[in-house]
Structures are given as structure tokens and as C-alpha cells.
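Beneath this line is the structure, given in C-alpha cells, with notes to follow.
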Amino acid sequence: METGMNSALGWLSGLAEGAGSAAAPGTCADHERICTTLACLAAKSVGFEEELLSHLAAIQELSRREKRARDVQSRAVFAKLGSIEERVEKMSNGGLRDSVLDVIPVILQNAGLVGVENAKGRWAVITGIISAIAAIGGGVLGWIVTRLP
Amino acid sequence: MDSDAIAVKVNITPDFYHDRGCFWRKMNYLTQLYGASASSLVVLVSYQYYKPEITSVQVSHYKEALRVFPSIRVIHASGVKWSGYDAELKGMGICIFDGDHEGGVP
């Protein structure tokens with residue numbers, strides 16, 4: 001009960017308790033009722049303030065944990081892409097290798113959009129995937145054409 | 001307290017006793033607000049601002065609430081004890097703290 005609000009609560013509760021006693025001269029039933037109501041309102045207000053702050057802290061903590069989990073997931077995706085890139089670098093077919101290497105930045109760019117919960121985000125991911133597939137297909141076709149007699 | 005647990009406070013005020021269904025409304029707000037994360041919360045029900053006598057009906061409310069919020073703690077106003085009911089709540093797995101300890105939250 002150190003804060004200003006809590007002091008007000010203590011004061012009002014004291015008034016409500018003392019309203020009917022000899023310590024509070026000149027009181028009447030209405031006065032007592034008003035003091036009791038004010039004390040109830042003050043208790044509710046202080047309680048609500050505390051609850052609200054606890055919810056804000058809890059929501060912030062939950063969002064911090066979600067962010068941490070997302071970061072771990074992103075790091076795993078980037079590590080996997082890095083290893084794919086490394087393997088692609090060793091490919092002997094130049095056309096196919098370049099096509100696949102062109103696709104990797106597109107995947108990396110869209111990796112951040114996977115978690116976006118709106119239609120625009122989903123659309124961007126789908127478009128990225130389609131362009132990636134098209135690029136790989138083009139590379140494969142080019143490779144087949146070079147192999148033809 | 002478990003380091004993974006997230007504490008949220010519910011202060012019992014006089015309107016919980018004048019306004020029927022107030023407790024359940026508040027529990028509904030919590031489930032709506034936290035959704036799937038509700039199970040990782042520690043709900044601190046504090047009687048610091050109001051010190052009523054508890055009834056067996058209210059004890060049964062705690063039993064229901066435990067189904068959604070597995071971790072509930074009761075914080076008494078300093079010096080308050082509910083003879084009989086404190087033991088029943090502890091038997092249900094609800095920890096009881098004195099007002100000065102803030103439900104074991106650092």
C-alpha cells in the first residue's frame with residue numbers, strides 16, 4: 001500500500017469503517033453508503049490497474065517467446081538453404097546450376113513471409129514458389145536440350 | 001516459481017460478490033486473451049483487496065477453473081486463513097500464499 005492510489009484506497013476504506021462510529025462525527029446513513037461505495041470503487045480501480053499491468057507483461061513475454069521460436073526456425077531454414085547452395089555450387093551443368101542459384105535468393109526472400117497471416121503474405125509465398133519452380137524447370141529443359149544429339 | 005510459467009493476476013473485489021457470474025466472465029476473458037497459451041499461465045487469484053469468507057460453492061469453482069488453467073495460486077490478504085477450505089484447496093493442488101509473498105512471484 002505504498003503507491004498514491006493505494007493510499008487513497010486506505011483512506012477511503014478507513015472512512016467507510018469509521019463512518020458509523022463516534023470517531024467520525026456528523027455522519028449519517030447516506031454518508032456511510034457513499035464512503036462504502038467510494039471504497040469499493042477505489043478497490044476495483046487499484047485491482048484493475050494491477051491486473052492490466054500483469055496482462056501486459058504476460059502478453060509481452062508470450063510474444064518474446066514466439067519470436068525466439070521463430071528465430072530458431074528461421075536459422076534452421078537458412079542453414080539448410082546454405083548447405084543446398086554449397087551442393088549446387090558443385091553441379092557440373094552450368095545452366096542448371098545458375099538457375100538453381102537464382103532460385104535460392106527467392107526462397108530466402110520468401111522465408112520471412114511464411115509466418116505472415118494474411119492473404120497478401122500467402123500470395124507472395126505462392127508467387128515465389130511458382131517462379132522458383134519455373135526457374136528450375138527452365139534450367140532442366142536447357143540441360144535436356146544441350147544433351148540432345 | 002517455474003521459470004517457464006507466466007503469471008497473471010486476478011484481483012477479487014467486492015463486485016465479484018455482488019455481480020453474479022463475475023468470476024466466470026473473468027475466466028472467459030483470460031481464455032480468450034491467451035488462447036492456446038492458457039495452459040502455460042500461472043493464475044494468481046488475489047484476495048488482497050477484499051477478504052470475504054469462502055464457501056464450498058466457490059471452492060468448486062476453483063475445481064472447474066483448474067481444468068483450463070492447470071496452475072492457480074491463491075493469495076490471501078495478510079493474516080487471513082480459511083479454516084478447512086485452505087486445506088481443501090491445497091488438496092486440489094492450489095498453492096496458497098500470504099499477501100506479503102505475492103504468490104511466489106519474484
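Just so it is clear, the structure is predicted and the values come from calculations on it, not from any experiment. In what follows, chains carry the letters A, B, and so on, assigned in the order in which the sequence lines appear, proteins first and then strands, with residues in each chain numbered from 1.
- The shortest heavy-atom contact between A:L62 and B:S40 is CD2-OG, 4.4 Å.
- Taking the side chain to side chain donor-acceptor pair (under 3.5 Å) definition, one finds that A:R64 meets it with A:E61, sequence neighbours left out.
- Applying the 4.5 Å side-chain rule to ILVMFWY residues, one finds A:F48 in the same cluster as A:L52.
- No more than 12 heavy atoms of other residues, nucleotides or ligands shown are found within 6.0 angstrom of CD on A:Q73.
- Note on B:M92 and B:V45: same hydrophobic cluster, where clusters join Ile, Leu, Val, Met, Phe, Trp and Tyr whose side-chain heavy atoms are under 4.5 Å apart, directly or indirectly.
- In the hydrophobic clustering of this structure, B:Y17 does not group with A:L41; members are Ile, Leu, Val, Met, Phe, Trp, Tyr whose side-chain heavy atoms approach within less than 4.5 Å, directly or through other members.
- Checked against ring pair (Phe, Tyr, Trp, His ring centres under 6.0 Å), B:F16 has no partners two or more places apart in sequence or in another chain.
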Handout entry: Verdict with supporting geometry, A:E50 and B:Y49, side chain to side chain contact (heavy atoms under 4.5 Å, CB included)
Key = CA-CA 11 Å; A:E50 258 188 33; B:Y49 294 108; 2.6 Å; yes

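- Residues from residues 20-38 of chain B that place a non-hydrogen atom less than 4.5 Å from a non-hydrogen atom of chain A comprise B:K26, B:L30, B:L33, B:Y34, B:S37, given in numerical order.
- With a 4.5 Å cut-off on side-chain heavy atoms, A:E51 and B:V8 do not count as touching.
- For the atom pair B:I6 CD1 and A:S54 OG, the distance stands at 11.5 Å (nearest 0.5 Å).
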